[in-house]
> 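Structure below; questions to follow.
In what follows, every chain begins at residue 1, and chains take the letters A, B, ... in the order their sequences are listed.
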Amino acid sequence: MTFINQVVLILNRDLRIEFRSKSLLLSMVIFALLFQVFLQIVFDAKTQAIQMIAPGILWLPVLLSAMLGFNKYGSAERENGALTGLLVSPIDKGALFLGKLIGNYVLVFIVIVTSVPIFFLFLKQPFPASIGLLLTTLLLGSWGFVAIGVFLTTLAHSSSITELLVPIMIFPLAVPLFLAIIQLTEMALFPSLGMGENLWILLLIGYNLIFTVAPTFLFDLLLEV
Amino acid sequence: MMELQNINLFMNDKNVLHSINLQWRKGESIALIGANGAGKSSLLKVLGTLVKPNSGKLKYPSDLSVKEWKKLLGIVFPETFLYHSLTAYENLRFYQKLYGKINKDRIDEVLKQVKLFHVKQEIVDTYSKGMKQRLSIARALLHNPTYLLLDEPFDGLDSESKEILKNMLLQMRQKGTGYILVSHDSEQAWELCDRAVLMHEGRIIAEGKCTNQGYFPFIKRYREIVKEKSS
């Protein structure tokens, strides 16, 4: 079985499990929407004032929803020792990582699709000046965050404090990612505010490459007990 | 032949396996007998590549790589490794693909063997404990393993299911599939295996062939050794 086939196998299984119950996906989407509404109430300010914090408000529900997903996504594996079943099988552990990464990303993508339009609707934001840049930032930024989240969650699978470990470890590691996505989102929403978008996009691509390629090749070694 | 040479394993600073030497020939069935905490399950985990020993050497058959060894191995542990929100068929299809062998007929065949064919499209969560255990056995047999690790496979099974599993093991033994069986029921394990290995406090303390009349003298000897070591 080729590496790609293994990735597809893990992805199919995860999505089949998730879309059968839909409980995690619904929780993530509802959480993101409610959080957007909550932010709208808290920051009931004039459009000009909201510009200062708009990128943060756009990303916060998405990132927190993704966090919600990291712990719950793949819980079926932990409950019945199914991860052990994978570890004793001849599967390439890199394929396991990539399959789970893509599966998790699909869920976060659905959250973005539902949450971002609500941001513009509720917060009375003008249509983004650069829709292409905004989409690129959303797609690349969420990929990077999901990659590091899946990486840490799988690494910490055998720990009894996985739920605590991941949030503590993810934020320091994601600082470069946060800097890039906030800068790029600001430029996409208000082009007059910033410059040098190419540099930030390069940083984002570099970050994604590191946290996608390195775990893919190192997972066999890292999951060896 | 699979060979363990001078294996030592520490878990939480406790030496759970002491200088284990064991040879497992192709097609040989071994009963691992011992009290709770004797190190039987830890030994299976080492053989199943789930735990890496702190010292010692694992020599895989024909100098296979770990990945190739995994392809030959079937595992039944107390955890079922099943996805409860998938059907029995979906579970087996997933595991079959994982081992790179796609054969729908084989899935139906093992489901019939464990008497679950009629409920193959039902979600595993609706199964009883015994049915899940039987499905777990089907999962382990799906890729026709040459070596099988069985950790308390009879646990949670009703008498009918125990009989089914017992017959399956006897059939596998005839076909030349080797297995290592850990069971609370040492008499039954004796009946189903070629050789018995006694473990006590992480050590192999005795070995013997499972002959018809040999069980009671063997167990008597085991109790004497344990008594000697405890006193």
Side-chain angles (χ1 to χ4, degrees), chain A residues 1-27 72-100 103 107 157-160 217 219-225, chain B residues 9 11 42 44-54 64-87 89-102 123-125 127 129 132-133 135-136 139-140 142-143 145 147-149 151:
Chain A
M1 199 181 201
T2 64
F3 182 83
I4 299 293
N5 284 344
Q6 291 180 352
V7 173
V8 174
L9 181 66
I10 297 293
L11 175 66
N12 274 344
R13 180 214 56 187
D14 278 0
L15 291 183
R16 180 167 289 174
I17 291 174
E18 191 40 51
F19 286 114
R20 187 158 286 169
S21 69
K22 295 184 195 74
S23 58
L24 176 61
L25 179 62
L26 280 176
S27 316
K72 285 303 286 177
Y73 184 78
S75 59
E77 259 162 4
R78 289 197 294 272
E79 281 164 14
N80 310 302
L83 187 59
T84 310
L86 289 176
L87 295 180
V88 296
S89 77
I91 191 176
D92 194 310
K93 306 299 178 294
L96 172 64
F97 169 75
L98 265 188
K100 297 198 81 62
L107 302 187
H157 78 277
S158 56
S159 168
S160 54
F217 287 103
F219 243 43
D220 256 325
L221 199 70
L222 292 172
L223 285 180
E224 199 176 274
V225 276
Chain B
L9 176 68
M11 280 181 171
S42 301
L44 289 197
K45 282 179 184 166
V46 169
L47 285 163
T49 70
L50 268 175
V51 178
K52 206 173 177 181
N54 297 83
L64 294 174
S65 65
V66 178
K67 205 165 238 178
E68 287 165 324
W69 165 246
K70 285 177 175 180
K71 284 182 188 170
L72 298 182
L73 200 62
I75 295 182
V76 178
F77 277 0
E79 296 160 312
T80 60
F81 303 169
L82 298 170
Y83 299 95
H84 285 199
S85 48
L86 297 182
T87 65
Y89 183 81
E90 287 169 340
N91 265 288
L92 295 190
R93 191 152 176 78
F94 170 73
Y95 276 103
Q96 198 180 47
K97 284 182 177 173
L98 210 55
Y99 283 82
K101 294 180 177 179
I102 302 157
I123 300 286
V124 171
D125 209 24
Y127 280 22
K129 193 185 170 195
K132 284 175 190 162
Q133 181 70 350
L135 186 60
S136 174
R139 172 196 52 72
L142 200 58
H143 60 288
Y147 297 88
L148 201 54
L149 302 174
D151 192 357

> To the nearest 0.5 Å, how far apart are CG in B:L50 and CG in A:L87?
6.5 Å
> Are any non-hydrogen side-chain atoms of B:F77 and A:V88 less than 4.5 angstrom apart?
no
> Go through B:R139, B:K132, B:E90 and name the one with the most non-hydrogen pairs under 4.5 angstrom from chain A.
B:E90
> Strictly distance-based, threshold 3.5 Å: is any side-chain N or O of A:N80 a donor or acceptor partner for the main-chain N or O of B:T80?
no
> Show the nearest heavy-atom pair for residues B:F81 and A:G85, with the distance to one decimal.
CD1-CA, 3.4 Å
> Working to the nearest 0.5 Å, report the span between CG of A:N5 and CD1 of B:I102.
7.5 Å
> Chain B heavy atoms under 4.5 Å from A:S21: which part of the residue, side chain, backbone, both or neither?
neither
> Quick one: does A:R13's side chain get under 4.5 Å of B:L86's, heavy atoms only?
yes
> For chain B, which candidate among A:D92, A:I10, A:L9 shows the most heavy-atom pairs at distances under 4.5 Å?
A:L9
> Out of curiosity, B:R93 CZ to A:N12 CG, how far, rounded to the nearest 0.5 Å?
11.0 Å
> Could you state the interatomic distance from CD1 (A:I17) to OH (B:Y83), rounded to the nearest 0.5 Å?
6.5 Å
> Taking CZ in A:F19 as the centre, count heavy atoms belonging to other residues, nucleotides or ligands within less than 6.0 Å. Is the count above 12?
yes
> For A:P90 and B:K67, work out which heavy atoms get closest and say how close.
O-CE, 3.3 Å
